[in-house]
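So the structure is just underneath, and the comments pick up after that.
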Amino acid sequence: MKRDIHLTVPGDFNFWNTVWSSGWCGLAPFSFDEERRALSRVQRLASGKIVNATMMERRKGVLTIRVESREELGEADAEEVEEVVEGCLRLDEDLSSLYALLGGYPEFSWVEETCAGRTIRSPTVFEDVVKTICSTNCSWALTKAVAGRLCRRLGERLSEEHYTFPTPARMASKTEEFVRAGYRSPYLIELARRVVGGALDVEAWRDSPLDSAVLKREIMGIKGVGDYAADQILKLLGRYDFLALDSWLRRRFSQIHGEGVKGSDGEIEGFYAPFGRWRGLVLWLDMTREFQIPKGRES
DNA sequence: GCGTCCAGGTCTACC
DNA sequence: GGTAGACCTGGACGC
C-alpha cells in the first residue's frame, strides 16, 4: 500500500541541507538516496503498522512523504507519520536568534542564506542515545554497521532490507552476545533496562527545565556516555551550549583555522565562545561548511 | 593471507 | 583530580 502525504514546511527550511548536515541520515533505520535527494525511515506506528516513509522536496515549501506499508493506512497513521517527520527534521526549531547573531559575522552570512542550521535527529531520545554510544571510539563505518545490525537483529521487519529501530523493551530482553556492539553491548542493555524499568526517563530530556550543565551531568550518568557523547546528545536535544569535540572536529579545526597545527581544546572553546548558547552549532556549521548546499541548488 | 594500527571515547584502577 | 591501560569491532595498510 502506498500513500502520499504533503507537508508544508517553514520558509527557512532547507530539506537537503538538513538531511546532509550530519551522518545521522546514514544510520539505520534512516537511509538516503543522494541522486534522488530522498531521505527514508522505517517506523513502527502506534497502530502496530510498520511503514517506510520516504521524504522528498519536489517543490519548494512542500515536503512529499511517500508512505509504504503492507497494510491500509488510516488518517491517524498519516498524522503520526507527519509528527515523526516534523520531529526528525526539527521543523519547529526556531533559528531566528542564531541568524540574528550571525548577522554580525560576515564570514557566517552563508548560514542564513542557505537556511542552514537544522540537523536530523531520531523520533526518540532513546534511539539518539544508543546511536551516540555506538559512535564512540570507532570509525563511522563501524557505527553504521552496528546501527544496521541492531535494527536487523532487534527491530521489526517490514521487508528484507527494512527494519525498525529496536524498542527499549526488545533491547532489554537480549543478551550482550545478541546485541553484538562490542564492549558497548552491556552499556546499551543497561540503558534499555533502566528505561523499561522506569528508573530513567530519557524522553523527558527534550522538555527538561534543567540548565544544560545540570542536564549534562544527568546524561553522563549513563554508562558509556562521557564528555563528548553527553555534548552530542545535548545537541540532539536542541541545546548547543557545549562543543562535542571529537577527534574529527579537532583535526578539522586545525586544518581550517590552525594551518594544520593542532590547537588545544581551550583554544577551540575560546574561538567559539562569542557565539554563546549557539557555539556548539556554529562550530559544527563552520566545520561542515563545504558540505552545505548553496541556496538555489536545492530542488 | 596475516598482523598491526587506529578510528567521530569511556571506564576503572591506581596514584 | 589526574592519568595509564584496557576495551569490541572492522577497515586500511604494509609485508
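To find a chain, count down the sequence lines: A is the first, B the second, and so on, and within it residues start at 1. Predicted model, so just to flag it, every value in this text is computed and none were measured.
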- [ ] Kindly determine whether Leu281(A) and Tyr272(A) satisfy side-chain contact (heavy atoms from CB on, under 4.5 Å), including the steps that lead there.
- [x] CA-CA 10 Å; Leu281(A) 183 54; Tyr272(A) 295 100; over 6 Å; no
Please say whether more than 12 non-hydrogen atoms of neighbouring residues, nucleotides or ligands are located less than 6.0 Å from CD in Glu71(A).
-> yes
Test side-chain contact (heavy atoms from CB on, under 4.5 Å) applied to Leu89(A) and Phe15(A), step by step | CA-CA 8 Å; Leu89(A) 299 177; Phe15(A) 173 63; 4.2 Å; yes
What residues 245-254 of chain A contributes to the DNA chain B interface at heavy-atom separation below 4.0 Å is Asp246(A), Ser247(A), Trp248(A), Arg251(A)
ask   = How far, in whole Å, is dT10(B) from dG11(C) if one measures between their P atoms?
value = 23 Å
Quick one: are Thr143(A) and Lys131(A) in side-chain contact, heavy atoms under 4.5 Å? no
Under a 4.0 Å heavy-atom cutoff, the residues of residues 181-193 of chain A touching DNA chain C are Gly182(A), Tyr183(A), Arg184(A)
When you measure from the side chain of Arg37(A) to the backbone N and O of Glu34(A), does any donor-acceptor pair fall under 3.5 Å?
no
Distance between P atoms of dA13(B) and dC8(C) (Å, rounded) = 14 Å
Should we count NZ of Lys174(A) as having more than 12 external heavy atoms under 6.0 Å? yes
* Keeping the roles fixed (side chain from Asn14(A), backbone from Ala116(A)), state whether a donor-acceptor pair exists under 3.5 Å. => no
Per side-chain contact (heavy atoms from CB on, under 4.5 Å), Leu73(A) is matched among Glu68(A), Met1(A), Lys2(A), Lys49(A) by Lys49(A)
First and last nt of DNA chain B near chain A, cut-off under 4.0 Å to heavy atoms, 5' to 3', are dA7(B) to dT12(B)
Roughly how far apart, to the nearest Å, are dC5(B) and dG5(C) at atom P? 15 Å
- Message: I'd like to know if the side chain of Ser21(A) pairs up with that of Arg118(A) as donor and acceptor (distance under 3.5 Å, no hydrogens or angles considered).
- Response: no
Hydrophobic clustering (ILVMFWY, side-chain heavy atoms < 4.5 Å, transitive) - are Val282(A) and Trp248(A) grouped together? yes
Stems field, DNA chain B, Watson-Crick or wobble, 3.5 Å, at least 3 pairs, by first number, holds B:1-7 with C:9-15, B:9-15 with C:1-7
Comparing nearest nucleotides in DNA chain B, the 5'-proximal residue of the pair Gly224(A), Trp284(A) is Trp284(A)
CZ of Arg251(A) to CE of Met287(A), rounded to nearest 0.5 Å, is 12.5 Å
Close N or O pairs between protein and nucleotides 1-5 of chain C (under 3.5 Å):
none

Once you apply a heavy-atom cut-off of 4.0 Å, does Ala229(A) come out as touching a base, just sugar-phosphate, or nothing? sugar-phosphate
Residues passing the side-chain contact (heavy atoms from CB on, under 4.5 Å) test with Cys151(A), sequence neighbours excluded, are Ala28(A), Pro29(A), Tyr163(A), Phe165(A), Pro166(A)
Ignoring hydrogens and geometry, is there a side-chain-to-backbone donor-acceptor pair from Glu112(A) to Ser109(A) under 3.5 Å?
-> no
Distance col, row Asn52(A):CG vs Leu158(A):CG, nearest 0.5 angstrom, shows 6.5 Å
In numerical order, the residues of residues 116-148 of chain A whose heavy atoms come under 4.0 Å of DNA chain C are Asn137(A), Leu142(A)
Here the residues of residues 26-34 of chain A within 4.0 Å heavy-atom distance, strictly under, of DNA chain C are none
Problem - dC13(C) and dG8(B), which share atom name P, separated by this distance in whole Å - result: 13 Å
Hits for ring pair (Phe, Tyr, Trp, His ring centres under 6.0 Å) against Tyr240(A), two or more places apart or cross-chain, chain-then-number order -> Trp278(A)
task: Sticking with atom P, work out how far dC7(C) lies from dT4(B), rounded to a whole angstrom.
output: 16 Å
By ring pair (Phe, Tyr, Trp, His ring centres under 6.0 Å), His6(A) pairs with (sequence neighbours left out) none
Contacts of Phe275(A) meeting ring pair (Phe, Tyr, Trp, His ring centres under 6.0 Å) (sequence neighbours excluded), chain-then-number -> Tyr105(A), Phe108(A)
task: Before giving the answer on side-chain contact (heavy atoms from CB on, under 4.5 Å), spell out for Leu191(A) and Val225(A) the whole-Å C-alpha distance, their side-chain angles and the decisive distance to 0.1 Å.
output: CA-CA 10 Å; Leu191(A) 165 67; Val225(A) 176; over 6 Å; no
Validation row: Ile222(A), Ile133(A) side chains within 4.5 angstrom (heavy atoms): yes
For Asp12(A) and Tyr99(A): C-alpha separation, side-chain torsions, deciding distance, then whether side chain to side chain donor-acceptor pair (under 3.5 Å) applies. CA-CA 10 Å; Asp12(A) 68 348; Tyr99(A) 293 158; 4.8 Å; no
Could you pull out all donor-acceptor pairs under 3.5 Å where a side-chain atom in residues 38-46 of chain A meets a protein atom, sequence neighbours excluded?
residue, atom, partner, partner atom, Å
Ser40(A), OG, Thr54(A), OG1, 2.8
Arg41(A), NE, Gln43(A), OE1, 2.6
Arg41(A), NH1, Glu127(A), OE2, 3.1
Arg41(A), NH2, Gln43(A), OE1, 3.2
Arg41(A), NH2, Glu127(A), OE1, 2.7
Arg44(A), NE, Glu156(A), OE1, 3.4
Arg44(A), NE, Glu156(A), OE2, 2.6

